[in-house]
Amino acid sequence: MHRRITVFTLQVLRNPPVTPSQKTPIYSQFIPFARGAANGLTSFRFFSFTPVHRRVPDSDDPANLMKEDGVSVCSQMWIENFREPDRLVSNLTSYLRRFELWVLAYQKVCADEIGAYVPRSSITRSALEDLLALRNAVLDNRFKWGARLEFIIKSPKDKTEYESLSKRKIKAILTTTQPAPFQDKLVQEVLFMILEPIYESRFSQKSFAFRPGRNAHTVLRVIRRNFAGYLWYIKGDLSVILDGLKVGLVMSALMRDVRDKKIIDLIKMALVTPVITSPVDGEEKKKKKKRKYQKKKVLAEDEPKPDPYWLETFFGFAPEEAEKLPSWGHCGILSPLLANICLDELDRWMEGKIKDFYCPSKSDVIWNSPEGEAEQGNTSWPEFVPTSGPDKTRKMDYIRYGGHILIGIRGPRADAATLRKQLIEFCDLKYMIKLDNESLPIEHITKGIMFLDHVLCRRVVYPTLRYTATGGKIISEKGVGTLLSVTASLKQCIKQFRKLNFLKGDREPDPQPCFRMFHATQAHTNAQMNKFLSTMVEWYRYADNRKKVVNFCSYIIRGSLAKLYAAKYKLRSRAKVYKIGARNLSRPLKERKGQSPEYQNLLRMGLAESIDGLQYTRMSLIPEADYTPFPSNWRPDHEKALVEYIRLDDPKTLEEQRSCIREQGLVSPQDYISMLVWNYKRNAIVMDQLSLDRFCNRCNYCNNVCPSSNAFDVLCWLLGFLFLSVSDTSIAIPAILKHGGVIRLGRIGDGTLSKFLHPESVINKLSAPSLFLFLISFWGDEL
């Protein structure tokens, strides 16, 4: 109805029915009501007309520089670098000029500063102008790292007026340790977005720290998958490199793949510019007297909240290998990336040693392929490694997490000693660090290897091996093999709890009250500890003794809270706390006067706060260890998506698929529909009977031949026409299938919208227009 009115109004406006004559009053030309009923539509024109004021674009608006979305620019950078991972990058200044990357960096840094995401539409024009000035300063070599008083752009929450500061405050800012300036974080974020895709496509698959998609869990799964059967292990601590290297070594490692002068100079200046820190006085400071009353700090609206207690407690459980985070000069978030760039030379060197060391043995049941990448025995149990005779296959593997390395060797100890000597020489030559035998100890698997707070040990198993002998006879015999066991270190768990003041004692650990939660309610305290226990369950997910270690953590937390509640509510002992609050401390321990003691009635009336009991109070509630098979050539999901996209985008892949279809005598749906439309346009028929029979014989749904009729041909042509005219790829492909003499019209993969038509039904008697209307009833809602 609205569409008809619009068309009719358009015709009236183009061809007005009445032209004012000389006898028509002048005021009637301007007042449409004076023309009578014949000019009724003119009144519609008078009221519907609205003057269009087009906004003149402001040439000085920085928002006009954003031609694309910053995320799409980053995605294009990742695709280009993964398509050609070995190319030498020389023109990165063009990406440094892209204002979209600076706006995206501003959004990310603001999210860290104020704790909330800032949409691009809510960024003020003044902020965009300051951001553009910062970009121009970086491009013109006017930017200086570590500014304290003069800023090009400031944080949204920084309201300080530096011009009106006193001399004492200015001196304190210039001589004491201050957080990194907001503009430094912006430049670091832009450099990180440019450099990360370049090196992520080049990094070795043996490194797992400070990289997206890889974490400590990935390391444990790789160790369980690939390190079974190794006897000697070299555990090295190269964390001295994370403290800092010489600028020349970092620049030489960076210039191996990047030759852009502006990027190199920016990073070099960030490393060379000194960082001002507070002076450390030798004299002990006098202890300040504690105030009787300390006012609680009220956070501002835009001020980020500190980490909750459960998260702070969980961070205290970080293993030794993950404690140290590199921080080089003014590089900030670039420091972990630069550390991986420098240590990537060690990874490549070790990959070459792995290939040279590999020596297969014909008498060995595994690892006897030249490449050494064959599956280990039974693929359903890949960690199982059968033992062999004295002529074992010599093999080696390597993994790195941050500054810590782990090397597994299958062979004599002399080979491990030779490799250690070569490794010490390589580190001395490349990184100029002096290592000794104590920093690279060689340990046997029977002693247990500690890595990421998990102990690697060997279990001897005796499975039943079945194989087919000559003559087809199946023989079963007992075999012997080794299975790598990855168990959580209970000793390390006790050590971390003691460091966080949750317990005391070694042999008989005794829980201590958690007084930091003394002023919190019982519901809040239980909720915090439940979150902590959930993270601990996830941390020990791949440990063989997951149930045991999580049960110990639950015992310590539950005992600590029981002692806290006993001191808070003056219940004297843990036994009385458990008697009132139940085993999981889910019942209230304090009853208010004047209220009914029945907790469920109070909870139903909304007068009491619901209290969640502690989780995992029994062994049966703790989940089992995760033994999901880990693929040998594992890659993160984002890298898989990139590689798959590049492969599908390659024209060679499409040509290979087409040639494979032609070799197998198949026809793709696109080619078949194109054939239908072309044959109908040329010959006024869809296909001859022979071609139709051949197509139906290829169908997997039936072996019969579909009946040929004129209505059926028109139906096929209309289906092809509808399919080719629909541009939305989300609409399913219409299909014609036959089951036992019944033709089904529907969509491939969607049986709910299918309808069945008999060949002898009324559809064969319909004309083409009627048939077209009939098809509209099927797809009218989408077309």
Side-chain angles (χ1 to χ4, degrees), residues 200 202-238 318-322 340 343-344 346-355 357-358 366-367 371-385 395-410 419 443 445 448-459 482-489 538-546 625-640 643:
E200 278 298 323
R202 292 170 167 80
F203 280 157
S204 170
Q205 299 297 325
K206 303 292 184 180
S207 64
F208 291 89
F210 316 130
R211 297 184 62 186
R214 296 171 171 87
N215 51 26
H217 279 171
T218 312
V219 176
L220 296 175
R221 298 185 71 185
V222 170
I223 289 175
R224 175 179 286 167
R225 173 65 177 77
N226 298 337
F227 279 68
Y230 295 133
L231 300 179
W232 300 100
Y233 285 83
I234 301 177
K235 182 183 175 183
D237 184 5
L238 307 179
E320 178 188 0
E321 292 81 2
N340 272 336
L343 289 171
D344 187 62
L346 173 63
D347 301 337
R348 299 299 180 184
W349 182 78
M350 282 300 306
E351 287 179 353
K353 289 295 179 182
I354 290 173
K355 293 181 179 178
F357 186 81
Y358 178 70
I366 58 169
W367 296 331
E371 294 80 10
E373 297 297 335
E375 292 292 337
Q376 303 177 359
N378 187 8
T379 56
S380 63
W381 196 4
E383 297 86 1
F384 170 71
V385 180
K395 196 175 186 299
M396 179 173 60
D397 210 338
Y398 159 84
I399 200 171
R400 179 176 65 83
Y401 189 83
H404 295 261
I405 62 174
L406 183 66
I407 305 173
I409 300 173
R410 193 181 197 219
L419 179 64
E443 299 179 353
I445 186 62
I449 313 299
M450 179 76 70
F451 198 74
L452 290 173
D453 284 356
H454 286 68
V455 180
L456 314 180
C457 55
R458 183 178 64 175
R459 284 192 298 164
T482 59
L483 185 67
L484 188 66
S485 177
V486 180
T487 59
S489 174
E538 183 63 23
W539 166 237
Y540 293 116
R541 178 176 182 176
Y542 299 100
D544 293 341
N545 60 341
R546 184 186 189 184
D626 190 354
Y627 292 104
T628 306
F630 195 68
S632 57
N633 298 323
W634 177 87
R635 300 190 76 171
D637 293 337
H638 70 279
E639 290 188 8
K640 288 181 181 178
V643 173

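The structure displayed is predicted, hence computed values, not measured ones.
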Participant: For a quick test of reading the model, state the closest non-hydrogen atom pair linking Phe451 to Leu220 and the distance between them.
Facilitator: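 Reported closest heavy-atom pair: O-CD2, 4.4 Å.
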Participant: So, using salt bridge (Lys or Arg N to Asp or Glu O under 4.0 Å) as the criterion, who are the partners of Lys353 when residues are at least two apart?
Facilitator: none
Participant: Using a strict threshold of under 4.0 Å (side-chain N to carboxylate O), is an ion pair present between Arg211 and Glu200?
Facilitator: yes
Participant: Take Tyr398 and Ile354 through the side chain to side chain contact (heavy atoms under 4.5 Å, CB included) test and state the conclusion after the steps.
Facilitator: CA-CA 8 Å; Tyr398 159 84; Ile354 290 173; 3.9 Å; yes
Participant: Excluding sequence neighbours, so at least two apart, what forms side-chain hydrogen bond (donor to acceptor under 3.5 Å, both in side chains) with Glu639?
Facilitator: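 For Glu639 the side-chain hydrogen bond (donor to acceptor under 3.5 Å, both in side chains) partners, ignoring immediate neighbours, are Arg214, Arg635.
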Participant: Could you tell me whether Arg410 and Asp397 make a salt bridge, using a distance below 4.0 angstrom between a side-chain N and a carboxylate O?
Facilitator: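 The answer is no: the pair does not qualify as a salt bridge.
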Participant: So, for Glu443 and Gly448, which heavy atoms are closest and what is the spacing to 0.1 Å?
Facilitator: OE1-O, 3.9 Å
Participant: What's the separation between atom CD in Glu351 and atom CG in Asp344, rounded to the nearest 0.5 Å?
Facilitator: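 That separation rounds to 8.0 Å.
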Participant: Applying ring pair (Phe, Tyr, Trp, His ring centres under 6.0 Å), name anything that partners Tyr542, two or more places apart in sequence or on another chain.
Facilitator: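 Per chain and number, Tyr542 pairs via ring pair (Phe, Tyr, Trp, His ring centres under 6.0 Å) with His217.
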Participant: Can you give me the closest heavy-atom contact between Tyr401 and Ala322, atom names plus distance?
Facilitator: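 Closest approach of Tyr401 to Ala322, heavy atoms only: CE2-CB, 3.9 Å.
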Participant: In terms of side-chain heavy atoms, does Asn226 have a donor or acceptor partner in Arg221 at a distance below 3.5 Å?
Facilitator: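 Distance-only check fails for Asn226 and Arg221.
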Participant: State which residues pass side chain to side chain contact (heavy atoms under 4.5 Å, CB included) with Asp453; sequence neighbours excluded, sorted by chain then number.
Facilitator: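 For Asp453 the side chain to side chain contact (heavy atoms under 4.5 Å, CB included) partners, ignoring immediate neighbours, are Pro319, Gln492, Gln496.
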Participant: Can you give me the closest heavy-atom contact between Leu484 and Leu456, atom names plus distance?
Facilitator: CD1-CB, 4.3 Å
Participant: Sequence neighbours excluded, which residues qualify as side chain to side chain contact (heavy atoms under 4.5 Å, CB included) partners of Val455?
Facilitator: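 So Val455 forms a side chain to side chain contact (heavy atoms under 4.5 Å, CB included) with Met450, Thr487, Ser489.
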Participant: Dump the intermediate steps for side chain to side chain contact (heavy atoms under 4.5 Å, CB included) on Thr218 and Trp634, then the final yes or no.
Facilitator: CA-CA 9 Å; Thr218 312; Trp634 177 87; 3.5 Å; yes
Participant: Okay, side chain of Asp544, backbone of Val486: is any donor-acceptor separation there less than 3.5 Å?
Facilitator: yes
Participant: Under the side-chain hydrogen bond (donor to acceptor under 3.5 Å, both in side chains) test, which residues partner Arg541, sequence neighbours left out?
Facilitator: Glu538, Asp626
Participant: Got a sec, which residues hit side-chain hydrogen bond (donor to acceptor under 3.5 Å, both in side chains) with Tyr540, two or more places apart in sequence or on another chain?
Facilitator: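 With sequence neighbours excluded, Tyr540 shows a side-chain hydrogen bond (donor to acceptor under 3.5 Å, both in side chains) to no residue whatsoever.
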Participant: The criterion is side-chain hydrogen bond (donor to acceptor under 3.5 Å, both in side chains); which residues satisfy it with Glu320, sequence neighbours excluded?
Facilitator: none
Participant: When rounded to the nearest 0.5 angstrom, what is the spacing between CZ in Arg458 and OH in Tyr230?
Facilitator: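 Answer for the CZ-OH pair, Arg458 versus Tyr230, is 14.5 Å.
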Participant: Could I get the full list of side chain to side chain contact (heavy atoms under 4.5 Å, CB included) partners for Ala625, not counting sequence neighbours?
Facilitator: Arg546, Tyr627
Participant: Rounded to the nearest 0.5 Å, how far apart are NE2 of His404 and CG of Asp237?
Facilitator: 4.0 Å
